[in-house]
Amino acid sequence: VREKLIASGSFTKYLLYAVGEILLVVIGILIAIQVNNWNTNRLNSIEERALLRQLKIEFLINKSQIEEKIALREQSVESVLHILQIIDDESGSASVGKLDSLLANALPVFTFDPQYGVMNQVMVAGKLSLVQSDTLSELISNWSGIIADMKEIESDYSEFNRNDYRPFLYRQGNYRSIINLRIRNGVVTRTLLNQQFENTTEIGDSSEPADAGTLLASKEFENYMASLYSYTSYVNSQSYGVLNYIENVVELIDKELVIE
C-alpha cells in the first residue's frame, strides 16, 4: 500500500497512511505496557497478600509472648506489693518460707524476645514497598525502633536485678531456698523454649536461713522492694504500649487482606 501511494504521487495520502501506521504502533505499545503493568500489579498484589499473612502470623506469635510476659510480671508486682504491705503493717509478720516464696516470684526478669524472621526478610529483601497501605508500611518500618526502646528499658532492669538486687539477697537472704522454690513452683518452666528440657532437680533449702523479721525490718530491703516495683511496673507499662502497637498492626493487616 505504501508503494502504491508513493507511485501515485499522492504525498498527502502517503503521509496520512504513515501517521496511521505510527499511531497503530504507539497504541500497540501502550496496550502492551498497560497489560504488563496490570500483570505486574497482579503479581505484586499476590506477593503482598502472602507477605501480610506471614507477618500477621509472626505478630500474633509476638502478641502471645508479650501477653504472657505481662502476666508473669504482674505476678511479680503482686508479690512485691504483698511484701511491702507486710513491711507497712506494724503487727504484720511473715514466716521465712512465706517471705522466700514471695521473693521467688519477684526475682525473675521476664524479657520480651520477639520473632524477627519474616520481618528481617521484608527489610533485607526490600519487600516493604509491596505494602500498599502507607499507615501499615510506617508501622512495620518502625517496629525495630519500638523493640529497641523496649530492650533498653529491659536492659536497665536486668542490670539492676543482676548487679544490685541479687547480690543483696546473696548477702542477706536465703538465696538457695529462693532458687529451690523457683524450681519447685515451675517459675523457670514458663519461659523455656521447650519444657521437656526443664531441670526439676531441687537443691534444698538454705542451711542457715536468715531471719524474716530482720530482713523485713531492713531499710535497704524495703528500698529494694520499692525499686523492684518501680522497674517491673515501668517495663510492663511499656509492654502494654508494645502490645497495643502489635494489635494495631494486626488490625491493619486484616483490613488489607479483605480488600480484593
Side-chain angles (χ1 to χ4, degrees), residues 51-80 103-125 127-128 131 136-167 169 175 178-179 181-200 227-254:
L51 182 66
L52 290 178
R53 291 189 186 96
Q54 292 176 334
L55 281 171
K56 179 181 177 180
I57 292 172
E58 186 165 275
F59 272 103
L60 286 177
I61 291 173
N62 291 334
K63 178 176 181 285
S64 177
Q65 184 196 150
I66 201 167
E67 286 175 335
E68 179 186 21
K69 299 300 173 62
I70 287 173
L72 291 171
R73 292 194 206 103
E74 291 291 354
Q75 293 178 14
S76 296
V77 168
E78 289 176 6
S79 294
V80 171
L103 289 173
N105 286 332
L107 181 64
V109 176
F110 298 108
T111 59
F112 176 48
D113 305 295
Q115 290 192 8
Y116 278 111
V118 178
M119 181 65 71
N120 282 339
Q121 291 178 14
V122 171
M123 304 310 292
V124 172
K127 297 294 185 180
L128 189 58
V131 180
L136 178 57
S137 178
E138 183 177 358
L139 287 177
I140 294 173
S141 178
N142 292 338
W143 175 243
S144 60
I146 296 295
I147 298 305
D149 291 342
M150 181 73 190
K151 285 298 180 183
E152 184 177 349
I153 295 171
E154 288 181 339
S155 177
D156 290 342
Y157 177 34
S158 296
E159 288 182 12
F160 162 77
N161 189 287
R162 180 176 60 254
N163 298 331
D164 298 294
Y165 175 53
R166 291 187 187 232
L169 291 180
Y175 198 76
I178 292 170
I179 296 300
L181 283 165
R182 289 184 62 194
I183 297 171
R184 183 183 303 164
N185 297 335
V187 175
V188 179
T189 307
R190 304 167 193 167
T191 59
L192 292 177
L193 182 63
N194 192 327
Q195 295 184 6
Q196 68 174 321
F197 299 115
E198 174 192 10
N199 178 19
T200 58
S227 293
L228 276 180
Y229 175 80
S230 176
Y231 273 113
T232 308
S233 298
Y234 184 57
V235 172
N236 248 11
S237 294
Q238 186 73 357
S239 295
Y240 276 114
V242 174
L243 175 60
N244 180 254
Y245 196 95
I246 292 173
E247 290 173 340
N248 288 338
V249 171
V250 172
E251 181 180 357
L252 286 173
I253 289 176
D254 283 339

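One is the number of the first residue; the rest follow in order along the sequence.
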Evaluate side-chain contact (heavy atoms from CB on, under 4.5 Å) for Val122 paired with Val131, printing each intermediate quantity in order. CA-CA 10 Å; Val122 171; Val131 180; over 6 Å; no
Dump the intermediate steps for side-chain contact (heavy atoms from CB on, under 4.5 Å) on Leu181 and Leu103, then the final yes or no. CA-CA 9 Å; Leu181 283 165; Leu103 289 173; over 6 Å; no
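Under a 3.5 Å cut-off, the side chain of Tyr157 and the backbone N or O of Phe110 do not form any donor-acceptor pair. No donor-acceptor distance shorter than 3.5 angstrom exists from the side chain of Asn161 to the backbone of Arg166, with no hydrogens or angles considered. With hydrogens and angles disregarded, no donor-acceptor distance shorter than 3.5 Å links the side chain of Ser64 to the backbone of Leu60.
For Phe160, the CZ atom counts as densely surrounded, since its 6.0 Å shell holds more than 12 non-hydrogen atoms of other residues, nucleotides or ligands. Under a cut-off of 6.0 angstrom, the local environment of NZ in Lys127 is sparse, with at most 12 non-hydrogen atoms contributed by other residues, nucleotides or ligands.
From Leu128, atom CG reaches atom CE of Met119 across 8.5 Å, with rounding to the nearest 0.5 Å. Interatomic distance, Asp254 CG to Lys56 NZ, rounded to the nearest 0.5 Å: 3.5 Å. Note that the CD atom of Glu159 and the CG atom of Asp164 stand 9.5 Å from one another [nearest 0.5 Å]. Considering OG of Ser237 and CZ of Arg73, their distance stands at 10.0 Å, rounded to 0.5 Å. Here Ile183 contributes atom CD1 and Ile178 contributes atom CD1; the two are 12.5 Å apart, rounded to the nearest 0.5 Å. In this structure, the separation between CZ on Phe59 and CD1 on Ile253 is 6.0 Å, given to the nearest 0.5 Å.
Residues satisfying the side-chain contact (heavy atoms from CB on, under 4.5 Å) test with Gln238, not counting sequence neighbours, are Asp149, Met150, Ile153. Gln54 meets the side-chain contact (heavy atoms from CB on, under 4.5 Å) test with Leu51, Val118; sequence neighbours excluded.
In this structure the side chain of Val235 never reaches within 4.5 angstrom of the side chain of Lys69, judged on heavy atoms. Counting heavy atoms from C-beta outward, Glu154 and Val109 have side chains that stay 4.5 Å or more apart.
The nearest pair of heavy atoms linking Asn105 to Ser76 is O-OG, 2.9 Å. The minimum heavy-atom distance linking Ile70 with Tyr240 is given by the pair CG2-OH, 3.3 Å. Taking all atoms of both residues into account, the shortest heavy-atom contact from Val249 to Leu136 is O-CD1, 3.9 Å. Closest approach of Tyr116 and Ile147 over heavy atoms only: OH-CG2, 2.6 Å. When all heavy atoms are compared, the tightest approach of Ile61 to Gln115 is CG2-NE2, 3.5 Å. Nearest heavy-atom pair, Phe112 versus Asn62, reported as atom, atom and distance to 0.1 Å: CE1-O, 3.4 Å.
Taking the charged nitrogens against the carboxylate oxygens, Lys63 and Glu251 have no contact shorter than 4.0 Å, which rules out a salt bridge.
Within the structure, no pair that satisfies the side chain to side chain donor-acceptor pair (under 3.5 Å) test touches residues 138-147, not counting sequence neighbours.
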